[in-house]
Amino acid sequence: MARIENSIRRLRFDAGEMTQKDLAAHVSVTRQTILAIENGKYAPTLELAFRIARHFGVGVEDVFTYHDD
């Protein structure tokens, strides 16, 4: 089964302990969406993945890792 892991929680912490709400506002989604992505319950669209990565100034693969088990 394929799965996507992410490092959003770590990136938020490294960015001055940014809240989920703050990140959500910066990338134009709800806090619940960020929560679901962080917990692996929701895979973001490609557009949202790029917006999150760009917000942190990193590449998409620095935020998301795809595992095809």
Side-chain angles (χ1 to χ4, degrees):
M1 174 180 237
R3 60 190 163 85
I4 297 175
E5 292 181 351
N6 70 78
S7 58
I8 296 172
R9 188 171 286 128
R10 180 186 54 79
L11 289 164
R12 286 193 303 105
F13 181 81
D14 292 347
E17 299 186 27
M18 171 185 282
T19 66
Q20 291 173 340
K21 183 178 178 181
D22 289 340
L23 176 58
H26 285 287
V27 297
S28 302
V29 297
T30 65
R31 183 196 62 80
Q32 290 83 358
T33 298
I34 299 300
L35 175 65
I37 294 169
E38 283 187 3
N39 290 330
K41 306 288 186 199
Y42 174 72
T45 63
L46 187 55
E47 178 185 352
L48 179 53
F50 273 103
R51 288 198 320 254
I52 292 169
R54 286 191 176 155
H55 175 74
F56 291 113
V58 299
V60 172
E61 289 186 343
D62 295 319
V63 181
F64 298 97
T65 307
Y66 178 78
H67 299 277
D68 190 12
D69 299 334

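Around the CZ atom of R3, the shell of radius 6.0 Å holds more than 12 heavy atoms that belong to other residues, nucleotides or ligands. Other residues, nucleotides and ligands contribute only 12 or fewer heavy atoms inside 6.0 Å of the CD atom of E61.
Hydrophobic clustering (ILVMFWY, side-chain heavy atoms < 4.5 Å, transitive): L35 and I8 are in distinct clusters. Linking Ile, Leu, Val, Met, Phe, Trp and Tyr residues whenever their side-chain heavy atoms come within less than 4.5 Å leaves F13 and L11 in two separate clusters.
Shown here for I37 and N6, the closest heavy-atom pair between the two residues is O-ND2, 2.7 Å. Contact detail for I4 and A43: the closest heavy-atom pair is CD1-CB, 4.0 Å.
V29 pairs with exactly one of I52, I34, L23 by the side chain to side chain contact (heavy atoms under 4.5 Å, CB included) rule, that one being I34. Here the rule is side chain to side chain contact (heavy atoms under 4.5 Å, CB included) with H26, and of R51, M18, K21 only M18 fits it.
We find the OG-NE2 distance between S28 and H55 to be 11.5 Å, quoted to the nearest 0.5 Å.
Between Y66 and D68, the closest side-chain pair of non-hydrogen atoms falls below 4.5 Å. S7 places none of its side-chain heavy atoms less than 4.5 Å from the side chain of F64. Residues Q32 and Q20 form no side-chain contact, since every pair of their non-hydrogen atoms from C-beta on lies 4.5 Å or further apart.
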Inset, instruction - Decide side-chain contact (heavy atoms from CB on, under 4.5 Å) for N39 and R9; before the verdict, give the C-alpha distance in whole Å, the side-chain angles of both, and the deciding distance to 0.1 Å. - result: CA-CA 9 Å; N39 290 330; R9 188 171 286 128; 3.4 Å; yes
Inset, instruction - Kindly determine whether D62 and F56 satisfy side-chain contact (heavy atoms from CB on, under 4.5 Å), including the steps that lead there. - result: CA-CA 10 Å; D62 295 319; F56 291 113; over 6 Å; no
Legend entry - Audit row: T65, H67, side-chain contact (heavy atoms from CB on, under 4.5 Å) steps and yes/no: CA-CA 7 Å; T65 307; H67 299 277; 3.4 Å; yes
